Q: 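Structure provided below as structure tokens; questions to follow.
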Amino acid sequence: MISFLKHFDQAQTPLLQRLKGPALSATARSAAVIALLASLIFSQGTLGQLLDKRVTALNPLDRQYMDLQRQSLNELTLRFYGGRCCRSQSELEYLQRLLDDGHVTADQTRELQAMGVALGDLLATELDMHWVVYEDIKGRSRALRLGETENYLFPITMIARRHEGGDRTQVSDIYAQAYEAIEAVRPPLPFQE
């Protein structure tokens, strides 16, 4: 951010001095303003900072928090349905039942996100993906990454955002959409081309 401000100051000073000049027409002033904006938008550092992202491994606190989410979800499914969640696609039914039976509601973000962790764990196993921390201008998220590619899924919020917004898409459909999105970009295995 400091380099952005430094570049902004360097770009704006000569243009602002021209704008203050008495002999500039309205057209010249408009052109100077456009030039100032263009220099900010297309400068090497600024655009890079706006699009910059950082992907790192989960830290111990991330792993601990996700383990607690898994544990709390397993406690819910054991209490209400007598089973643990979600080691296979058939166990995704537990997530749907928690929603349908009203045990997890749209205002329970923590529980909805715990369901997203379980969904993500299953996707990671099925698609050979791994958990990472994805940071960009919007913030920090735990995501699934396909190998070392630029293909990511954000399963922790897949169920939560939908249900908090009133969308009642079935958990199995959310899983299928995520699975298909990654399956479409997975490199073929040797001798499958």
Side-chain angles (χ1 to χ4, degrees), residues 51 53-59 62-193:
L51 299 177
K53 73 170 179 353
R54 192 171 81 156
V55 179
T56 58
L58 294 176
N59 67 38
D62 291 313
R63 285 191 292 278
Q64 181 182 12
Y65 184 70
M66 291 172 71
D67 285 343
L68 289 172
Q69 288 181 302
R70 290 177 186 104
Q71 181 181 348
S72 70
L73 181 64
N74 279 324
E75 288 171 5
L76 281 175
T77 58
L78 279 169
R79 181 180 335 139
F80 294 114
Y81 308 116
R84 299 180 71 79
C85 189
C86 288
R87 297 160 297 192
S88 68
Q89 283 186 43
S90 63
E91 292 176 356
L92 287 177
E93 180 184 332
Y94 286 139
L95 300 182
Q96 190 63 53
R97 288 178 63 193
L98 285 170
L99 296 169
D100 292 345
D101 296 347
H103 299 303
V104 176
T105 59
D107 62 339
Q108 294 178 285
T109 303
R110 185 173 292 135
E111 289 80 0
L112 290 167
Q113 289 185 352
M115 294 168 73
V117 170
L119 183 73
D121 287 344
L122 185 57
L123 286 164
T125 299
E126 298 280 325
L127 294 167
D128 195 28
M129 298 181 80
H130 61 279
W131 287 102
V132 296
V133 173
Y134 183 100
E135 294 179 83
D136 63 12
I137 197 163
K138 293 181 181 179
R140 183 179 189 279
S141 301
R142 288 174 215 89
L144 288 176
R145 184 177 192 182
L146 178 62
E148 295 303 313
T149 70
E150 293 300 310
N151 297 298
Y152 301 90
L153 290 175
F154 298 87
I156 292 177
T157 56
M158 284 181 179
I159 298 170
R161 286 197 177 158
R162 284 174 173 85
H163 281 268
E164 290 169 348
D167 180 343
R168 298 296 180 239
T169 302
Q170 298 287 300
V171 173
S172 59
D173 292 340
I174 295 170
Y175 175 85
Q177 290 167 7
Y179 187 95
E180 290 166 12
I182 293 299
E183 188 63 28
V185 296
R186 282 178 65 172
L189 295 172
F191 308 109
Q192 284 190 336
E193 295 181 40

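All values derive from a computational prediction rather than experimental measurement.
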Q: Roughly how far, to the nearest 0.5 Å, is the OG1 atom of Thr169 from the CG atom of Leu99?
A: 11.0 Å

Q: Would you please say whether a donor-acceptor pair under 3.5 Å links the side chains of Thr109 and Glu164?
A: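 There is such a pair between these side chains.
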
Q: Answer with yes or no whether the side chains of Gln69 and Ser72 bring together a donor and an acceptor at under 3.5 Å.
A: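 Side chains of Ser72 and Gln69: no pair found under 3.5 Å.
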
Q: So do the side chains of Tyr81 and His103 get within less than 4.5 Å of each other, counting heavy atoms only?
A: yes

Q: Is Asp62 paired with Arg140 through a side-chain N to carboxylate O contact shorter than 4.0 Å?
A: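 Counted as a salt bridge, because a side-chain N and a carboxylate O are separated by less than 4.0 Å.
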
Q: How long is the straight-line distance from CG of Asp167 back to CZ of Arg162, given to the nearest 0.5 Å?
A: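 Going from the CZ atom of Arg162 to the CG atom of Asp167 covers 6.5 Å.
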
Q: Specify the closest pair of heavy atoms between Leu146 and Thr149, including all atoms of both residues, with the distance to one decimal.
A: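 It is O-OG1, 2.6 Å.
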
Q: Looking only at non-hydrogen atoms, find the nearest pair between Ala106 and Leu112 and report the distance.
A: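 Reported closest heavy-atom pair: O-CD1, 3.7 Å.
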
Q: State the CD-CD distance between Gln89 and Glu126, to the nearest 0.5 angstrom.
A: 5.0 Å

Q: Can you tell me how far CG of Asp128 sits from NE2 of His130, rounded to the nearest 0.5 angstrom?
A: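 These two atoms lie 9.5 Å from each other.
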
Q: Which atom pair, heavy atoms only, marks the closest approach of Leu95 to Cys85?
A: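 Between these two residues, the closest heavy atoms are CD2-SG, 3.6 Å.
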
Q: Before giving the answer on side chain to side chain contact (heavy atoms under 4.5 Å, CB included), spell out for Val132 and Arg142 the whole-Å C-alpha distance, their side-chain angles and the decisive distance to 0.1 Å.
A: CA-CA 6 Å; Val132 296; Arg142 288 174 215 89; over 6 Å; no

Q: Applying the side chain to side chain contact (heavy atoms under 4.5 Å, CB included) test to Leu119, which of Leu144, Leu153, Ile174 qualifies?
A: Ile174

Q: Can you measure from CD (Glu91) to OG1 (Thr77) and round to the nearest 0.5 angstrom?
A: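 One finds 8.0 Å between CD of Glu91 and OG1 of Thr77.
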
Q: Identify the heavy atoms of Gln96 and Val171 that sit nearest to each other, and give their distance.
A: OE1-N, 2.6 Å

Q: For a side chain to side chain contact (heavy atoms under 4.5 Å, CB included) check, start with the C-alpha distance between Leu122 and Tyr175, then their side-chain angles and the critical distance, and finish with the verdict.
A: CA-CA 9 Å; Leu122 185 57; Tyr175 175 85; 3.9 Å; yes

Q: Go through the steps for Asp67 and Arg70 under the test salt bridge (charged side-chain N to carboxylate O under 4.0 Å, His left out), then give the verdict.
A: CA-CA 5 Å; Asp67 285 343; Arg70 290 177 186 104; 2.8 Å; yes

Q: Restricting to non-hydrogen atoms, name the atom on Tyr94 and the atom on Arg84 that form the minimum distance, rounded to 0.1 Å.
A: CE1-O, 3.3 Å

Q: List the atom of Val133, the atom of Ala57, and the distance in Å for their closest heavy-atom pair.
A: CG2-O, 3.9 Å

Q: Counting only heavy atoms not in Arg54 (residues, nucleotides, ligands), do more than 12 fall under 6.0 Å from its CZ?
A: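 No, the 6.0 Å shell around CZ holds no more than 12 heavy atoms from other groups.
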
Q: Distance check, rounded to the nearest 0.5 Å: Met66 atom CE versus Ile156 atom CD1?
A: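 Reported to 0.5 Å precision, the distance equals 4.5 Å.
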
Q: Please determine whether side chain to side chain contact (heavy atoms under 4.5 Å, CB included) holds for the pair Met115 and His163, giving the CA-CA distance in whole Å, both sets of side-chain angles, and the decisive distance to 0.1 Å.
A: CA-CA 12 Å; Met115 294 168 73; His163 281 268; over 6 Å; no

